[in-house]
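Scroll down for the structure; my scribbles are underneath it.
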Number of protein chains: 2
Amino acid sequence: MDFSKIDLFEGISGEDAERMMSCFGASFRKFRAGSEVCDYSGSGDDVGIMMSGDAVMIRTDEDGEIAVMELFSDGDIFGEVLAFSNDAGDSVKVVAESDCEVMFIKYAAITKRCERACEHHSRLVSNMFGLIAKKTLSLSRRIEILSKKTTREKLMYYFGILAKNYGSEFDLPMSVTRLAAYICADRSAMTRELSRMQADGLIEMEKRRVRLKKAV
Amino acid sequence: MDFSKIDLFEGISGEDAERMMSCFGASFRKFRAGSEVCDYSGSGDDVGIMMSGDAVMIRTDEDGEIAVMELFSDGDIFGEVLAFSNDAGDSVKVVAESDCEVMFIKYAAITKRCERACEHHSRLVSNMFGLIAKKTLSLSRRIEILSKKTTREKLMYYFGILAKNYGSEFDLPMSVTRLAAYICADRSAMTRELSRMQADGLIEMEKRRVRLKKAV
DNA sequence: CTCAAAATGTTGCATTTGCAACATATATAT
DNA sequence: ATATATATGTTGCAAATGCAACATTTTGAG
């Protein structure tokens, strides 16, 4: 098991990490692409950590509407208590997109101090703390985007963020179709707006390559 | 100083909490209503904990547009690293709504183990962990709401959540005007939609009292 | 109480958007 | 290579929404 690339175990040696697993009641499971990793429809207080592969969290409401809530890859953590609420009682599942391996930990085992008071426990809590903080950042960024009134404003705000990080010319970190889902706009309507933005001289676009022409 | 009602110090006696303050480089400051509690326009890695009173986090963008991002009252925590990103470089400030007292802690002091390894440090980290988890819940709930396409769907989803918690008849936890801001809809357009929903027999509304008639 | 400020409710209108129905291009599997 | 699935781009149209302008009510300060 390779812990070195998992942020959750940063600062903890592989041997120590292995040793700690018993404190957390950790279990490892492998999944085939397409299979169900877990189901949060009932109450779920497990935390999952992606050790390898990719998975998606999918919500299905009573009308059968399907929504992709989050995407997970190496090192990402997920769990009901961590990043979503299911007040509406919808079906929420995590499904493997590729073959993957997942480590499960009891949420309670993380927040409670273990009886043996193993020395790395608090380090791991700190690491998880940082991961959640990172998640709240991405959530609040998305809220900022969604709070814009028009599709154009959403796109310009999002492009502005990317430009801050990568310069005025950058590649979209996702497909155009996924971008539409991310900003909660109709894909065809968004494509139309992108065309208009090019016509209006705000951006230039070639496949996923975007050049932001307006100063932000 | 009364720590008993602050979730962050749950499970830690008042005396112990006082004693721990030095580990965290904690400072206490009082603010008059209307005054600026802190400015996150630059980089800010302080975490604030509301000890008493109320405050709001306000974002002002380059066009002078003002947006209320979050409301804080007793026990709430805030900080750049905790729940917002400022990639757009906007001005982000916390302003006191009433006279209030705030405790500031260095973020780094929380995630690092203190040299003295005081015994309540990890308990406090766990508590803060829980607070952030609660915040991610409310953030992701809001994303769920904002991801609905129409104002009616947003309202029905939100009302459904409230109904799950309080039964099919409940009071809105905020003013109608604030509700419009919360779901990112134009106030007058939202009011119009609420009227239509009543006409269509989905809800009954009297001031902030709502009765959800459709089974959810 | 009195007055001003904030909240609420209504409506016309122009803009934006979702939706459906396409055509085409690209990626992936066999 | 070939076929199939997925991604992308376009457009007409009806529905939803923001916006402005206004009347009315409620709240809060003095």
Side-chain angles (χ1 to χ4, degrees), chain A residues 32-34 54 56 58 63-68 71 95 97-99 145-158 171-200 202-210, chain B residues 32-34 54 56 58 63-68 71 95 97-99 145-158 171-200 202-210:
Chain A
R32 288 259 167 237
D54 300 290
V56 290
I58 293 172
D63 304 322
E65 285 289 325
I66 292 172
V68 172
L71 308 176
V95 175
E97 283 219 305
S98 64
D99 288 0
I145 293 169
L146 294 180
S147 69
K148 304 297 175 193
K149 285 161 299 232
T150 66
T151 301
R152 177 175 296 205
E153 284 174 309
K154 289 182 173 123
L155 289 169
M156 286 303 282
Y157 186 81
Y158 180 55
D171 284 308
L172 291 180
M174 61 185 100
S175 73
V176 175
T177 299
R178 237 194 249 290
L179 175 60
Y182 181 71
I183 70 170
C184 297
D186 178 77
R187 185 192 58 79
S188 66
M190 188 192 79
T191 306
R192 171 171 49 199
E193 191 56 36
L194 281 170
S195 299
R196 286 179 186 154
M197 288 163 69
Q198 289 185 78
D200 292 348
L202 290 175
I203 60 169
E204 280 173 16
M205 228 179 137
E206 163 89 28
K207 303 264 179 190
R208 294 185 192 173
R209 190 89 188 154
V210 178
Chain B
R32 290 255 167 241
D54 300 290
V56 290
I58 294 172
D63 303 323
E65 285 289 326
I66 292 172
V68 172
L71 309 177
V95 175
E97 282 220 305
S98 63
D99 289 0
I145 292 168
L146 294 179
S147 70
K148 304 297 174 192
K149 284 161 298 233
T150 67
T151 301
R152 177 174 296 207
E153 285 174 310
K154 287 178 177 136
L155 289 168
M156 287 302 284
Y157 186 80
Y158 180 55
D171 284 307
L172 291 179
M174 61 186 98
S175 73
V176 174
T177 299
R178 234 194 252 290
L179 175 60
Y182 181 71
I183 70 169
C184 298
D186 178 76
R187 185 192 59 79
S188 65
M190 188 192 78
T191 306
R192 172 172 48 202
E193 191 57 36
L194 282 170
S195 299
R196 285 180 186 152
M197 287 162 70
Q198 289 185 75
D200 291 349
L202 290 175
I203 60 170
E204 280 173 17
M205 228 179 139
E206 164 90 28
K207 303 262 180 192
R208 292 187 193 172
R209 190 87 187 158
V210 178

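In what follows, chains are A, B, ... by sequence order, proteins preceding strands, each numbered from 1.
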Under the salt bridge (charged side-chain N to carboxylate O under 4.0 Å, His left out) test, residues paired with R209(A) that sit two or more places apart: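 For R209(A), the residues satisfying salt bridge (charged side-chain N to carboxylate O under 4.0 Å, His left out) (neighbours in sequence not counted) are E169(A), D171(A).
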Rounded off to whole Å, could you give me the [atom1]-to-[atom2] distance for the [X] and [N] pair?
X	N	atom1	atom2	answer
D186(B)	dA14(C)	CG	P	17 Å
R152(A)	dT15(C)	CZ	P	13 Å
M197(B)	dT17(D)	CE	P	11 Å
K154(A)	dT17(D)	NZ	P	11 Å
E193(B)	dG9(C)	CD	P	14 Å
M156(A)	dT16(C)	CE	P	15 Å
K149(A)	dT15(C)	NZ	P	17 Å
L155(A)	dT16(C)	CG	C1'	13 Å

Evaluate the criterion side chain to side chain contact (heavy atoms under 4.5 Å, CB included) for residue pair M190(A) and K154(A); output intermediate values, then yes/no. CA-CA 10 Å; M190(A) 188 192 79; K154(A) 289 182 173 123; over 6 Å; no
Taking atom CG of L155(A) and atom NZ of K148(A), what is their separation to the nearest 0.5 Å? 12.5 Å
Taking side-chain contact (heavy atoms from CB on, under 4.5 Å) as the definition, give me every residue that meets it alongside [X], ordered by chain and number, with sequence neighbours left out.
X	result
D186(A)	S188(A), A189(A)
T150(B)	R152(B), E153(B)
D54(A)	S73(A), E97(A), S98(A)

Please list every donor-acceptor pair under 3.5 Å in which a side-chain atom of residues 177-184 of chain B meets a protein atom from a residue at least two apart or in another chain.
none

Degree of bending in the helix from dC1(C)-dG30(D) to dT30(C)-dA1(D) once both end axes are built from five pairs, to 10°: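 Answer rounded to 10°: the end axes differ by 70°.
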Heavy-atom side-chain proximity of M205(A) to M197(A) below 4.5 angstrom: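 No, too far: nothing below the 4.5 Å cut-off.
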List every contact pair, protein side and nucleotides 7-11 of chain D side both N or O, where the distance is under 3.5 Å.
from    : atom 1 : to      : atom 2 : distance (Å)
dT8(D)  : OP1    : V176(A) : N      : 3.3
dT8(D)  : OP2    : V176(A) : N      : 3.4
dT8(D)  : OP2    : T177(A) : N      : 2.7
dT8(D)  : OP2    : T177(A) : OG1    : 2.5
dG9(D)  : N7     : R187(A) : NH1    : 2.9
dG9(D)  : O6     : R187(A) : NH2    : 3.0
dT10(D) : OP2    : S195(A) : OG     : 3.0

Assess whether side chain to side chain contact (heavy atoms under 4.5 Å, CB included) is satisfied between R192(A) and T151(A), documenting all intermediate values. CA-CA 10 Å; R192(A) 171 171 49 199; T151(A) 301; over 6 Å; no
